[in-house]
2 protein chains.
Amino acid sequence: MSETKEKMVSLADQLIRVRGFNAFSYKDIAEPFDMKNAAVHYHFPAKADLGIGVIQHERNKFATNIAKWKKLPEQEQLQHLIEVFRKHCHAGNICLMGSLSTDYNTLAPEMQLEVQGMAEDILHWLSHTLENGRKHKQLHFHGEAIDRALMIMTNLQASLLMSRVLGPEIFTRISRQLLDDLIP
Amino acid sequence: MSETKEKMVSLADQLIRVRGFNAFSYKDIAEPFDMKNAAVHYHFPAKADLGIGVIQHERNKFATNIAKWKKLPEQEQLQHLIEVFRKHCHAGNICLMGSLSTDYNTLAPEMQLEVQGMAEDILHWLSHTLENGRKHKQLHFHGEAIDRALMIMTNLQASLLMSRVLGPEIFTRISRQLLDDLIP
DNA sequence: TTGCTTACTTACTAGTAAGTAAGTATTTTT
DNA sequence: AAAAATACTTACTTACTAGTAAGTAAGCAA
């Protein structure tokens with residue numbers, strides 16, 4: 001992917017997180033590059049292509065991250081995940097999954113599939129990490145790991161939504177409670 | 001409020017939950033009523049007025065609900081709340097708070113204030129209900145009630161988002177785990 | 001019966017949306 | 001040196017956006 005394309009994907013990522021997929025246009029991409037609308041269409045023929053680019057970039061980044069964390073104790077892997085969300089909270093972003101889930105019904109089918117894939121990626125990794133953490137006495141919870149992964153995932157996702165409305169204190173409270181529950 | 005206005009608010013509520021505030025237009029309101037665009041502007045001069053109407057209606061409905069549940073054991077009050085979300089999940093809706101939080105940065109300031117108020121309403125009630133439930137040995141959790149309220153609220157909110165992407169099984173799992181944690 | 005209110009329609013503005021077709025300048029490949 | 005690919009611009013279309021101004025028909029109120 002060319003440098004311009006990558007920078008456009010990065011900008012679109014920001015716009016999706018800050019304003020939502022249906023609340024930005026090619027104009028918002030073109031202007032910061034001092035280009036015309038049509039130049040963006042040259043790189044991404046349809047808006048869905050840009051959206052798919054953003055999701056695939058995020059999925060790759062996630063894959064890189066979990067590979068990097070692989071050797072760490074599960075407790076620390078989880079803290080790294082929370083740290084990713086904390087940074088987004090600080091920047092006023094919500095998570096890509098949350099933003100695109102809200103707009104899900106208005107997305108092109110190819111984009112919906114990518115969103116689905118991203119959700120499965122995260123849940124798959126999280127439930128495995130939780131299961132291993134329990135086996136190694138690093139993490140403590142009852143019930144199935146997949147259920148606990150769903151609880152944690154929804155906590156993190158919506159914590160960014162609520163922080164946007166009620167302030168970053170919300171995220172601090174939720175992430176602290178999350179760790180207190182798993183590491184008593 | 002006239003009957004027409006109320007029906008328009010109800011339709012807008014649906015559209016916000018299914019497609020998002022920025023993904024419907026006055027045309028989507030006017031057409032089902034066999035009216036012209038301008039007729040909707042007669043009832044709601046700006047789109048924000050319609051949005052505020054929707055939020056206020058929801059806040060009133062919530063106030064009516066919690067008043068109705070007031071005398072019940074806290075365990076049952078919580079089950080009633082979950083039931084509200086279950087019905088929305090079944091209908092393919094996400095919660096109003098979740099939808100409008102995503103679009104928060106693009107909303108008019110008067111609408112942002114209403115969203116804030118709605119969030120505070122729910123959290124206030126939920127943390128009090130949890131605190132009372134613990135006092136009456138109905139509900140079991142550790143930490144502050146406000147923190148637990150945040151955990152449960154985010155679980156429910158994002159469960160609808162994830163159900164939209166991965167199917168209604170997600171909601172079933174989350175709501176079951178939620179109750180298993182509080183009522184061991 | 002005159003005047004006011006309610007609930008619209010018609011016709012419009014001004015701006016934005018995604019997307020396309022044809023042309024151009026620069027660089028790369030053959 | 002010619003051909004082709006790259007990265008755009010110019011100019012356009014079609015469709016929709018929120019919002020407004022002026023007019024109208026029906027009903028009610030003094």
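In what follows, chains carry the letters A, B, and so on, assigned in the order in which the sequence lines appear, proteins first and then strands, with residues in each chain numbered from 1. A quick note: this is a predicted structure, and the numbers were derived from the prediction, not measured.
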Derivation of the salt bridge (charged side-chain N to carboxylate O under 4.0 Å, His left out) call for B:Asp181 and A:Arg148: CA-CA 11 Å; B:Asp181 285 349; A:Arg148 192 56 53 184; 3.1 Å; yes
Please state how far atom CD in A:Glu3 lies from atom P in D:dA7, giving the value in whole angstrom units. 11 Å
One character per nucleotide, please: for nucleotides 10-27 of chain D, 5' to 3', B when the base has a protein heavy atom closer than 4.0 Å, S when only the sugar-phosphate does, - otherwise. B-----SSSBB-------
Please identify each residue that fulfils side chain to side chain contact (heavy atoms under 4.5 Å, CB included) with A:Ser159, with sequence neighbours left out. A:Phe171, A:Ile174
What does A:Asp34 touch in the nucleic acid at a heavy-atom separation under 4.0 angstrom: a base, only the sugar-phosphate, or nothing? sugar-phosphate
Checking the side chain of B:Asn105 only, and the main-chain atoms of A:Val18 only, is there a donor and an acceptor separated by less than 3.5 Å? yes
Just checking, is any N or O donor in the side chain of B:Tyr104 or B:Gln116 under 3.5 Å from an acceptor N or O on the other one? yes
Run the side chain to side chain contact (heavy atoms under 4.5 Å, CB included) test against A:Glu6 and tell me which residues pass, sequence neighbours left out. A:Met1
